[in-house]
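Structure, as structure tokens:
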Amino acid sequence: MRKVLSCNIKMHCSFIHLDKIFNFVASLSDSNLDIIYAVPYPYLQKASDMMKDHRNVSIFAQDISQYATGAHTGEVSAEMLEDLNISGTIIGHSERRISQKETNESLRMKVESAIKARLRIIFCVGESLNERERGETLGVIEHQLKAILPYLEKADILIAYEPVWAIGTGKVPTNKEVDEVSLFIKNSVFNFYPQKNIHILYGGSVNEENCEELTEVKTITGFLVGGCSTTQGIVHVGKTLEKS
Ligand code: PGA
């Protein structure tokens with residue numbers, strides 16, 4: 001499987017910033033990686049224009065509305081992204097699960113909307129520190145996966161395992177911990193839909209220092225990178241992933 005370097009630049013964006021980031025990305029654009037950059041809505045069009053000659057780079061949104069249309073001030077629907085020719089979106093990032101109180105049901109509706117609009121999906125799952133300490137990690141992941149398992153046949157979904165306690169903290173789980181969860185995700189997908197060979201990404205404080213060790217986890221086929229994705233370090237992360 002071709003490795004996936006997916007990047008979530010969150011709310012760190014301006015036109016100047018975008019120029020800088022895509023200079024880094026351009027140096028990876030002849031690599032054998034599937035590169036995804038998720039940018040804030042106002043920059044989607046500009047980012048797509050900037051990357052249009054780089055065939056292995058796709059631009060994603062960071063979220064979509066659960067609704068197709070209607071009186072939902074400030075929301076952006078999957079169809080709007082389709083209109084803009086945007087290829088995909090992140091769904092279920094823990095920052096949104098927490099700040100927007102997203103539930104499995106609202107995420108399921110988002111997944112359905114994305115599929116209707118033929119968008120690719122990066123679906124994020126992950127446990128909090130309390131949940132891990134209480135030994136509930138796999139139970140939490142199992143519950144979160146329920147929002148997507150019924151759609152696997154129709155959808156182009158990548159699943160990102162992102163422990164909430166590893167995001168933006170500099171803390172990274174051990175390879176054994178990553179492997180345990182990614183294997184659990186792989187088996188859950190297999191039990192539901194044996195024909196589907198799915199990408200499982202790891203996300204949470206991935207950077208140029210820890211990426212090499214993380215590539216030793218053979219059940220993951222890529223990363224979802226936050227902070228490091230707007231720095232020169234992403235080039236090293238990409239090259240390391242490509243070599244692995
Ligand atoms: P981080 O973010 O790499 O800054 O920890 C990852 C993410 O939120 O997807």
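Numbering starts at 1 and runs along the sequence shown. Whatever order the structure lists ligands and atoms in, that order sets their numbers, starting from 1. Computed from a prediction, not measured in an experiment: that's the story for all the values here.
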**Report entry** Short N-O contact, Asp34 and Arg2, less than 4.0 angstrom
**Finding:** no

Report task. For atom 9 (O) of ligand 1, grab the closest protein heavy atom and report residue, atom and distance to one decimal in Å. Result -> Glu162 OE2, 2.7 Å

Query raised in the report: Cluster question for you: counting only ILVMFWY and a side-chain heavy-atom cut-off of under 4.5 Å, with indirect links fine, are Phe24 and Tyr43 together?
Result: yes

Query raised in the report: Hey, mind stepping through Lys239 and Glu242 against salt bridge (Lys or Arg N to Asp or Glu O under 4.0 Å) and telling me if it holds?
Result: CA-CA 5 Å; Lys239 294 201 162 140; Glu242 191 188 12; over 6 Å; no

**Report entry** Residue selection (non-hydrogen contact nearest atom 1 (P) of ligand 1) among Pro163, Ser205, Ser6, Gly126
**Finding:** Ser205

Query raised in the report: Which protein non-hydrogen atom lies closest to atom 3 (O) of ligand 1, naming both residue and atom, and how far is it?
Result: Gly226 N, 2.8 Å

Report summary line: Leu224 heavy atoms within 4.0 Å reach ligand 1 at atoms 9 (O)

Query raised in the report: In terms of ring plane angle, is the pair Tyr37 and Phe22 parallel, tilted or perpendicular, where the classes change at 30° and 60°?
Result: perpendicular

Requested in this report: Return yes if some donor-acceptor pair links the side-chain N/O of Asn207 with the main-chain N/O of Asn210 below 3.5 Å, else return no.
Outcome: yes

Requested in this report: Examine Gly168 against ligand 1 and note whether any of their N/O atoms are separated by less than 3.5 Å.
Outcome: yes

Query raised in the report: Is the shortest distance from a Lys or Arg side-chain nitrogen in Glu102 or Lys110 to a carboxylate oxygen in the other one below 4.0 Å?
Result: yes

Query raised in the report: Which atoms from ligand 1 have a heavy atom of His93 less than 4.0 Å away?
Result: 7 (C), 8 (O), 9 (O)

Requested in this report: Answer yes when Lys243 and Glu212 have at least one side-chain N-carboxylate O distance shorter than 4.0 Å, and no when they do not.
Outcome: no

Requested in this report: Report yes if Ile167 has an N/O atom closer than 3.5 Å to an N/O atom of ligand 1; otherwise report no.
Outcome: no

Query raised in the report: What residue and heavy atom of the protein are closest to atom 4 (O) of ligand 1, and at what distance?
Result: Gly227 N, 2.8 Å

Query raised in the report: Among the heavy atoms of Gly204, does any lie under 4.0 Å from an atom of ligand 1?
Result: yes

